[in-house]
Amino acid sequence: MHRIRRLLAGTPVFGPLATLMLAPAAAVGQGDLFDPAVSYAVGETPLGVAIGDLDGDADADVVTSNGSTNTVSVLLNSGDGTFAPGVQYDLGRRAVRVAIGDLDGDGDADLAVSNGTSDSFSVLRNNGDGTFAAPTRITVGDNPSGIVLGDLDGDGDLDVATQNSDGDDVSVRLNNGDATFAPLTSYPVGTNPSDLALADLDGDGDHDLAVTNGDDREVGVLLNNGDGTFAPQVRYAVDATCRALAIADLDGDGDADVVVANSSEDMVSVLMNQGDGTLSAPVRYDAGRVPRGIAIGDLDRDGDADVALANQFGSIASVLRNEGDGTFGPSEDYGVGSGPVSVAIGDFLGDGAGDLAVTNISSDDVSVLLNRRPVPPMITAQPRGVVLLASGGGVVELAVVATAGEPLSYQWRRGGVDLVDGGGVSGATTPTLTIDATVDDMDRYDVVVSSIDGSETSSPSVIAVRTECVADFDGDGGLTIFDFLAFQNAFDAGCP
């Protein structure tokens, strides 16, 4: 009975709750980071997702681990952020989570898949073209779910660690360099651990482990001794359900911080690193309904690490944007498939922006959300080319019309120098500039229109006084096409 309870705690719940997961989602307020999701069919009950270049063409492909069909689905990127139909590989054992890395040292990306109740993980070696050989199984602890790859012992190859829900421990299998592994080493952690992650938490150059101890409502940190063995875990109370976690430098201080998805509380907890691998008390942020999966990456192209969540109820993925100091703004929701439980971040378009892949256990698909492509501002109506004043001056109004996918900012300039409001000038940072002009205001005027995606400068507008009909309107000592056009406009306006 103890084992059955843990299996239910570590996997999606079906039966009476299935109607809740399949019910139509409420209207989702789409944020502005991503285009609408495009979904691709995979195997039944996709529990895990990973992103990597599997066929060596330099773009990011997707793999899902499918619990009910005991398979992984490989979806190769067509190069434009769309994906070929998934190719299934049978594991013969329950597939829970999947990780990607070069396990046999041949330069291409292999797969490692935790096999849940079979107490093992499977290795699928890449044939070099994004197809995979039959799996081999490696024994680990009791009911593994989370799986990570990293060089734990500093010998240059990728080792494997799993967190084992029914063993209350973490298993480490050190790689011999050829995707065969040294004997199992286990490290006790808390009760019913549900996820683990790998990062250098204490700044000593090796990979440490962090694990969510689900029933204990805490995070356990196991520091690496430098040789792939680990010190006993240090526990950090979260006081909330710990379903999944991810690690990244959130506040830009150079050390790795921890974020935990708290599924039953509909929130995330942020535990900042004190610089030595110890963690601060958690700070909580509201998230979507029942966050089950978590990933960290720069999603808004501002250089800091944002948080993405897969929320099992509501058919949404949520994003919390980093304010730059490790604090986060309100959750933004994006529609995905039914029953999302895991999320990964990758660059599917090769444009440097983070895209999302989200697995949906009720619709049996993976949703791909492409980061909105940059839309630089475009000026659709230029300011007037020439404005002629009477010798006594007058009020001049210059206007620009521009469009873009982001909010726009404006900066008018006189002779290349930024204008500020005051002294007869208003609207210097708006689409319309108003000047109570005199002869002293004769000059060239333009406006720089900017958005997060770039800027565009308008054509110049010249303010001149109608006292004489000079041809060199821009005052550069020579005649240009602009001068001739301006002269024609001035002549038409009655230049004496």
Determine whether the side chains of [X] and [Y] contain a donor N or O and an acceptor N or O closer than 3.5 Å.
{"X": "Asn262", "Y": "Ser269", "value": "yes"}
{"X": "Asn143", "Y": "Thr117", "value": "no"}
{"X": "Asp142", "Y": "Asn164", "value": "no"}
{"X": "Asp276", "Y": "Thr278", "value": "yes"}

So which atom in [X] and which in [Y] form the shortest heavy-atom distance, rounded to 0.1 Å?
{"X": "Leu47", "Y": "Ser342", "value": "O-OG, 3.2 Å"}
{"X": "Asn224", "Y": "Leu152", "value": "ND2-O, 2.9 Å"}
{"X": "Ile316", "Y": "Pro340", "value": "O-CG, 3.6 Å"}
{"X": "Asp169", "Y": "Pro188", "value": "CB-CA, 4.0 Å"}
{"X": "Ala295", "Y": "Ala344", "value": "CB-CA, 4.2 Å"}
{"X": "Ala60", "Y": "Asp347", "value": "CB-O, 3.6 Å"}

Using a 4.5 Å cut-off on heavy atoms from C-beta on, say whether the side chain of [Y] contacts that of [X].
{"X": "Arg93", "Y": "Asn70", "answer": "no"}
{"X": "Leu320", "Y": "Asp306", "answer": "no"}
{"X": "Thr82", "Y": "Tyr40", "answer": "yes"}
{"X": "Asn322", "Y": "Asp302", "answer": "no"}
{"X": "Thr136", "Y": "Arg125", "answer": "no"}
{"X": "Asp106", "Y": "Asn126", "answer": "no"}
{"X": "Val98", "Y": "Val49", "answer": "no"}
{"X": "Asp61", "Y": "Ile51", "answer": "no"}

Spell out, as yes or no, whether a donor-acceptor pair under 3.5 Å connects the side chain of [X] to the backbone of [Y].
{"X": "Gln274", "Y": "Met272", "result": "yes"}
{"X": "Glu218", "Y": "Arg235", "result": "no"}
{"X": "Asp110", "Y": "Val123", "result": "no"}
{"X": "Asn371", "Y": "Asp355", "result": "no"}
{"X": "Asn311", "Y": "Phe313", "result": "no"}
{"X": "Ser315", "Y": "Gly337", "result": "yes"}
{"X": "Ser65", "Y": "Gly48", "result": "yes"}
{"X": "Ser331", "Y": "Ala287", "result": "no"}
{"X": "Asp168", "Y": "Asn192", "result": "yes"}
{"X": "Asp151", "Y": "Leu158", "result": "no"}

Side chain to side chain contact (heavy atoms under 4.5 Å, CB included) between Val307 and Leu309, worked out: CA-CA 7 Å; Val307 173; Leu309 299 164; 4.2 Å; yes
Set out, in order, the CA-CA distance, both residues' side-chain angles and the distance that settles side chain to side chain donor-acceptor pair (under 3.5 Å) for Thr131 and Asp129, then state yes or no. CA-CA 6 Å; Thr131 65; Asp129 57 359; 2.6 Å; yes
Run the numbers on Arg137 and Leu91 for side chain to side chain contact (heavy atoms under 4.5 Å, CB included), then give the verdict. CA-CA 9 Å; Arg137 283 192 291 275; Leu91 302 181; 5.8 Å; no
Quick test of your reading: applying salt bridge (Lys or Arg N to Asp or Glu O under 4.0 Å), list the pairs with at least one residue in residues 259-271, sequence neighbours left out, ordered by first then second residue.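 Listed by first then second residue: Arg217-Glu265.
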So how far is it from [X] [atom1] to [Y] [atom2], rounded to the nearest 0.5 Å?
{"X": "Asn66", "Y": "Asp90", "atom1": "CG", "atom2": "CG", "value": "10.5 Å"}
{"X": "Arg243", "Y": "Thr212", "atom1": "CZ", "atom2": "OG1", "value": "8.0 Å"}
{"X": "Ser171", "Y": "Phe121", "atom1": "OG", "atom2": "CZ", "value": "9.5 Å"}
{"X": "Leu54", "Y": "Asp59", "atom1": "CG", "atom2": "CG", "value": "9.5 Å"}
{"X": "Ser194", "Y": "Asp215", "atom1": "OG", "atom2": "CG", "value": "9.0 Å"}
{"X": "Leu369", "Y": "Asp35", "atom1": "CG", "atom2": "CG", "value": "8.5 Å"}

Dump the intermediate steps for side chain to side chain contact (heavy atoms under 4.5 Å, CB included) on Thr359 and Val341, then the final yes or no. CA-CA 6 Å; Thr359 54; Val341 294; 4.0 Å; yes
So Phe83 and Val38, side chain to side chain contact (heavy atoms under 4.5 Å, CB included) or not? Walk me through it. CA-CA 10 Å; Phe83 292 83; Val38 177; over 6 Å; no
List in chain and number order the residues that pass salt bridge (Lys or Arg N to Asp or Glu O under 4.0 Å) with Asp304, two or more places apart in sequence or in another chain; answer none if no residue qualifies.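 Scan of Asp304 (salt bridge (Lys or Arg N to Asp or Glu O under 4.0 Å), adjacent residues dropped) gives none.
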